[in-house]
Amino acid sequence: MQQQNTEHAVILHESGSPAGTVNDQGEPFISVVIPTLNAGDGITRLLDALQEQHRAPDEILVVDSSSDDGTGEKVAQYPGVELLTIPREEFNHGATRDQALRRTHGDFILFLTQDAMPEDDHYIESMLHAFNDPAVAMVSGRQIARDDARPFERLVREYNYPAESYTRSREDIPRMGIKAYFASDVCSAYRRSAYLQVGGFERVSTNEDMFIAAAFLHNDWKIAYCAEARVKHSHNFTLRQQYRRNFASAVEMELHKDSLRSANTTAEGAKLVRSVVSQLWDSKQYGESIAFVIDCCARVMGNKMGTAKGRRLADEA
């Protein structure tokens, strides 16, 4: 790792306070950021879970996109939890998270989505453990499918979020391809000094986590996956939702393909499909196998159409 990445003592927060802030126990200051939109009662369960952590955060910032279901009012009932309300139309996955991170004071900043629930009271402690390696810039946790997840969604989660932790560096990119950049802000953590060094999140509608992971690796930082830090999180998307999700992702990936060094996603996607279909077939879940193949068709179509749009936008720029 380059020497420049080990000397961050003079980096200042935007507020002017120096990095290296400690809490009353002399430990590094820990921040948690949660973007919300109509989170319902889920936000109270999440805030309760965070405050009951063995290593509780020193500050929590909820960035709410003008919810109309009382989310803001629920958050306001928690002393010490800061609420930042923004116009709904101004939310951007990259820019909003960047704004939030720069508003916090932690040396390590954890991101959670409103529907990601820590599985135990050692979640934060487990995430922070990976930062014992001073070269690690980012950590992402393990996502466990919810009880209501359909079988193929459960298997997809198990494929993407295995039970073994691992760390990757620039040297792993040729071997891992696009998988080297795989990370998720559903449950993630950042070293502030590394984040500021690479410039932070870009203004993007999705995949901000993958793009900054690529920036870290190409600036000689490491990315860690911590299987011990677990959250419950999954979706049962409709075909329309799956199409739109993959369409949006493909547009951004095409527009930022230089950041990803044009890493190919097809091979990794094919591995996932083979793994899931094989397990469903072996367990005689034939109907679920067919449902997954149809779901994959929606993903592929969204990806192709999104890539085409991304190319048009790039040509017009």
Side-chain angles (χ1 to χ4, degrees), residues 112-113 115-120 122-123 126-127 130 139-168 172-188 206-207 209-210 213 223-250 253 260 263-307:
L112 284 163
T113 55
D115 57 348
M117 181 61 61
E119 279 238 288
D120 56 43
H122 289 275
Y123 169 77
S126 297
M127 290 288 276
V139 183
S140 57
R142 185 182 183 192
Q143 297 182 35
I144 308 295
R146 290 197 184 88
D147 295 340
D148 65 350
R150 61 182 307 163
F152 74 69
E153 171 67 7
R154 189 176 304 280
L155 292 173
V156 168
R157 296 281 156 178
E158 291 175 1
Y159 180 91
N160 284 329
Y161 305 99
E164 298 79 28
S165 299
Y166 61 92
T167 301
R168 63 265 197 205
D172 294 305
I173 296 174
R175 174 179 60 86
M176 298 182 69
I178 197 71
K179 193 72 172 178
Y181 307 136
F182 183 74
S184 174
D185 278 335
V186 164
C187 52
S188 62
T206 186
N207 289 84
D209 35 27
M210 179 176 286
I223 305 296
Y225 166 71
C226 181
E228 293 73 31
R230 304 182 304 275
V231 299
K232 282 274 192 177
H233 180 263
S234 58
H235 295 289
N236 291 321
F237 287 128
T238 65
L239 294 179
R240 181 185 294 273
Q241 289 171 325
Q242 197 66 272
Y243 173 89
R244 289 177 173 174
R245 180 182 177 88
N246 282 268
F247 178 91
S249 177
M253 290 185 69
L260 302 177
N264 187 281
T265 62
T266 304
E268 185 59 34
K271 288 180 184 178
L272 184 152
V273 172
R274 286 197 297 269
S275 173
V276 173
V277 170
S278 175
Q279 292 179 78
L280 290 172
W281 204 257
D282 289 345
S283 60
K284 296 182 171 55
Q285 298 183 73
Y286 305 123
E288 193 68 12
S289 299
I290 295 171
F292 178 61
V293 171
I294 295 172
D295 181 83
C296 288
C297 290
R299 297 180 192 223
V300 170
M301 184 60 68
N303 186 275
K304 287 185 176 180
M305 297 300 289
T307 299

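If you read the sequence from its start, that first residue is 1, and numbering goes on from there.
- Applying the salt bridge (charged side-chain N to carboxylate O under 4.0 Å, His left out) rule to Asp282 yields no partners; only residues at least two apart in sequence or on another chain are considered.
- Using modelled atom types, one side-chain atom of Arg154 and one backbone atom of Arg146 make a donor-acceptor pair closer than 3.5 Å.
- For the atom pair CD of Glu158 and CD of Gln279, the computed distance is 6.5 Å after rounding to the nearest 0.5 Å.
- Each of Ile290, Leu155, Val293 was compared with Leu280 under the side-chain contact (heavy atoms from CB on, under 4.5 Å) criterion, and only Leu155 meets it.
- Counted by atom type alone, Ser289 and Gln285 present zero donor-acceptor pairs between their side chains at under 3.5 Å.
- Taking the side chain as every heavy atom from C-beta outward, Asn160 and Gln143 never approach each other to under 4.5 Å.
- Here Asp295 contributes atom CG and Phe152 contributes atom CZ; the two are 4.0 Å apart, rounded to the nearest 0.5 Å.
- A pairwise comparison of heavy atoms in Arg157 and Ala145 identifies CG-CB, 4.1 Å as the closest pair.
- Summarising the geometry, atom CZ belonging to Arg299 is positioned 10.5 Å from atom CG belonging to Leu239; distances are rounded to the nearest 0.5 Å.
- A distance-only check finds a donor-acceptor pair linking the side chain of Asn236 to the backbone of Asp148 [under 3.5 Å].
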Is there a side-chain contact (heavy atoms from CB on, under 4.5 Å) between Arg274 and Lys271? Walk through the geometry before answering.
CA-CA 5 Å; Arg274 286 197 297 269; Lys271 288 180 184 178; 3.6 Å; yes

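- When all heavy atoms are compared, the tightest approach of Pro118 to Ala116 is CD-O, 3.7 Å.
- Under a 3.5 Å cut-off, the side chain of Thr307 and the backbone N or O of Asn303 do form a donor-acceptor pair.
- Taking every heavy atom of both residues into account, Ala227 and Arg230 meet most closely at O-CG, 3.3 Å.
- With sequence neighbours left out, the side chain to side chain donor-acceptor pair (under 3.5 Å) criterion links Ser234 to no other residue.
- The neighbour count for Met176 CE, taken as heavy atoms of other residues, nucleotides or ligands under 6.0 Å away, is above 12.
- Residues forming a ring-ring contact (aromatic ring centres under 6.0 Å, His included) with Tyr166 (at least two apart in sequence, or on another chain): Tyr225.
- Partners of His122 according to the ring-ring contact (aromatic ring centres under 6.0 Å, His included) rule, which considers only residues two or more places apart in sequence or in another chain, are His54.
- Annotation for Ile144 and Arg142: closest pair CD1-NE, 3.5 Å, computed over non-hydrogen atoms.
- For an aromatic pair to be called close, the ring centres must be under 6.0 Å apart, and Tyr243 with Phe237 fails this.
- With rounding to the nearest 0.5 angstrom, the CG atom of Asp209 is 14.5 Å from the OH atom of Tyr181.
- Between the side chain of Thr167 and the main chain of Ala224, no donor-acceptor pair closer than 3.5 Å is present.
- Contact between Cys187 and Tyr123 at its shortest, heavy atoms only, is CB-OH, 3.0 Å.
- Taking 4.5 Å as the limit, some side-chain heavy atom of Val273 sits within range of a side-chain heavy atom of Phe292.
- With rounding to the nearest 0.5 angstrom, the CD atom of Glu119 is 11.5 Å from the OG atom of Ser126.
- Using a cutoff of 4.0 Å between basic side-chain nitrogens and carboxylate oxygens, Asp147 and Lys232 are scored as salt-bridged.
- Summarising the geometry, atom NE2 belonging to His233 is positioned 10.0 Å from atom CG belonging to Leu112; distances are rounded to the nearest 0.5 Å.
- The salt bridge (charged side-chain N to carboxylate O under 4.0 Å, His left out) contacts involving residues 284-294 comprise Arg150-Glu288, where partners must be two or more places apart or lie in separate chains.
- With hydrogens and angles ignored, the 3.5 Å screen pairs no side-chain donor or acceptor of Ser249 with any backbone N or O of Arg245.
- The salt bridge (charged side-chain N to carboxylate O under 4.0 Å, His left out) check on Arg240 picks up nothing, with sequence neighbours excluded.
- You'll find the side chain of Gln241 stays beyond 4.5 Å of the side chain of His235, heavy atoms only.
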